Amino acid sequence: QVHLVESGGGLVQAGGSLRLSCAASGRTFGTYSMGWFRQAPGKEREFVATINWGGSTTYYADFVKGRFTISRDNAKNTLYLQMNSLKPEDTAVYYCAAARGPFDKEYEYDYWGQGTQVTVSS
């Protein structure tokens, strides 16, 4: 069982930056791959980025490549998403999730956080 809590969301102007954090409970965090997803109003939840258990492998959705960076600190049981050059279309609720592999499909993830709101103004 993994309990996930996101933080770091907020309101930022276009071009700005935010860093999201996802704190995980339990001693098994380091055995899970982790992912970030987001859901904008009126849209389905979509994949943003994923990282394997050791942090050596990452994958990104095309629309965030070069702007967002996923990372993790297993000693702190924490996942991060550094978001730079934010755009109004990045406005969404961002969720972290845990899976047995670095997948990009929502159904592959077993545990989810409650989400944190990111709003980018133009």
Side-chain angles (χ1 to χ4, degrees):
Q1 187 80 12
V2 179
H3 182 59
L4 304 172
V5 179
E6 302 94 336
S7 62
L11 174 64
V12 64
Q13 288 188 332
S17 298
L18 281 175
R19 188 176 81 156
L20 304 183
S21 299
C22 172
S25 65
R27 293 175 290 179
T28 60
F29 174 75
T31 67
Y32 283 89
S33 291
M34 299 296 296
W36 287 99
F37 289 76
R38 71 185 188 184
Q39 187 168 22
K43 295 187 177 181
E44 294 186 350
R45 191 153 54 183
E46 63 182 354
F47 168 76
V48 174
T50 185
I51 187 168
N52 72 331
W53 66 272
S56 61
T57 302
T58 58
Y59 298 111
Y60 296 90
D62 286 343
F63 55 77
V64 302
K65 283 182 181 177
R67 299 190 299 126
F68 291 9
T69 303
I70 189 171
S71 63
R72 65 190 297 162
D73 185 337
N74 287 346
K76 295 182 178 180
N77 278 11
T78 304
L79 172 75
Y80 303 99
L81 184 68
Q82 178 66 45
M83 305 186 295
N84 299 328
S85 302
L86 282 162
K87 305 175 182 180
E89 52 264 44
D90 293 319
T91 295
V93 177
Y94 284 72
Y95 299 89
C96 65
R100 287 301 184 183
F103 306 119
D104 62 357
K105 299 298 188 293
E106 188 175 342
Y107 64 81
E108 299 278 10
Y109 285 78
D110 301 316
Y111 302 103
W112 292 82
Q114 83 291 346
T116 186
Q117 176 70 47
V118 172
T119 303
V120 184
S121 63
S122 58

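Note that these values count all heavy atoms, side chains included, but never hydrogens, waters or copies made by symmetry. Given the structure is predicted, the values throughout are model-derived calculations rather than measurements.
From I70, atom CD1 reaches atom OG1 of T57 across 11.5 Å, with rounding to the nearest 0.5 Å. Note that OG of S7 is 9.0 Å distant from CZ of R19, once rounded to the nearest 0.5 Å. Taken to the nearest 0.5 Å, the OG1 atom of T58 stands 14.5 Å off from the CE atom of M34. Here CD of E89 is found 10.5 Å from CZ of F63. Values are rounded to the nearest 0.5 Å.
Taking each heavy atom of A99 and F103 in turn, the nearest pair found is CB-CD1, 4.0 Å. L79 and C96 make their closest contact through CD2-CB, 3.9 Å (heavy atoms, listed as atom of the first residue, atom of the second, distance). Contact record, T78 with A23: OG1-CA, 4.5 Å, taken as the closest heavy-atom pair.
Cluster membership check: Y80 does not share its hydrophobic cluster with L18, using side-chain heavy-atom separations under 4.5 Å among Ile, Leu, Val, Met, Phe, Trp and Tyr. V5 and L81 are assigned to two separate hydrophobic clusters, defined by single-linkage of ILVMFWY side chains at heavy-atom distances under 4.5 Å.
Listed for the N74 side chain is no donor-acceptor partner under 3.5 Å among the backbone atoms of N77.
Residues satisfying the side-chain contact (heavy atoms from CB on, under 4.5 Å) test with V2, not counting sequence neighbours, are L4, A24, T28, Y32, Y111. Annotation: side-chain contact (heavy atoms from CB on, under 4.5 Å) contacts of K43 (sequence neighbours excluded): A40. Residues passing the side-chain contact (heavy atoms from CB on, under 4.5 Å) test with V93, sequence neighbours excluded: Y95, Q117. For S17, the side-chain contact (heavy atoms from CB on, under 4.5 Å) test picks out Q82, N84, with sequence neighbours left out. Taking the salt bridge (charged side-chain N to carboxylate O under 4.0 Å, His left out) definition, one finds that D104 meets it with nothing, sequence neighbours left out. Remark: F47 engages F37 in a ring pair (Phe, Tyr, Trp, His ring centres under 6.0 Å) (not counting sequence neighbours).
You'll find the side chain of V12 stays beyond 4.5 Å of the side chain of M83, heavy atoms only. Inter-residue side-chain proximity for T31 and W53 is flagged as unmet; no heavy-atom pair is nearer than 4.5 Å. F68 is listed as a side-chain neighbour of D90, based on a closest heavy-atom distance under 4.5 Å. Looking at T50 and Y109, their side chains come closer than 4.5 Å, going by heavy atoms from C-beta outward. The side-chain heavy atoms of W36 and E6, taken from C-beta on, include a pair separated by under 4.5 Å. By the 4.5 Å heavy-atom criterion applied to side chains, R67 and K87 are counted as neighbours.
In this structure, Q114 places its CD atom where more than 12 heavy-atom neighbours from other residues, nucleotides or ligands lie under 6.0 Å away.
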Walk me through whether E46 and R38 qualify under side chain to side chain contact (heavy atoms under 4.5 Å, CB included).
CA-CA 5 Å; E46 63 182 354; R38 71 185 188 184; 2.8 Å; yes

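Under a 4.0 Å N-O distance rule, the pair D62/K65 qualifies as a salt bridge.
Side-chain atoms of S33 and Y59 form no donor-acceptor pair, as typed in the model, at a separation below 3.5 Å.
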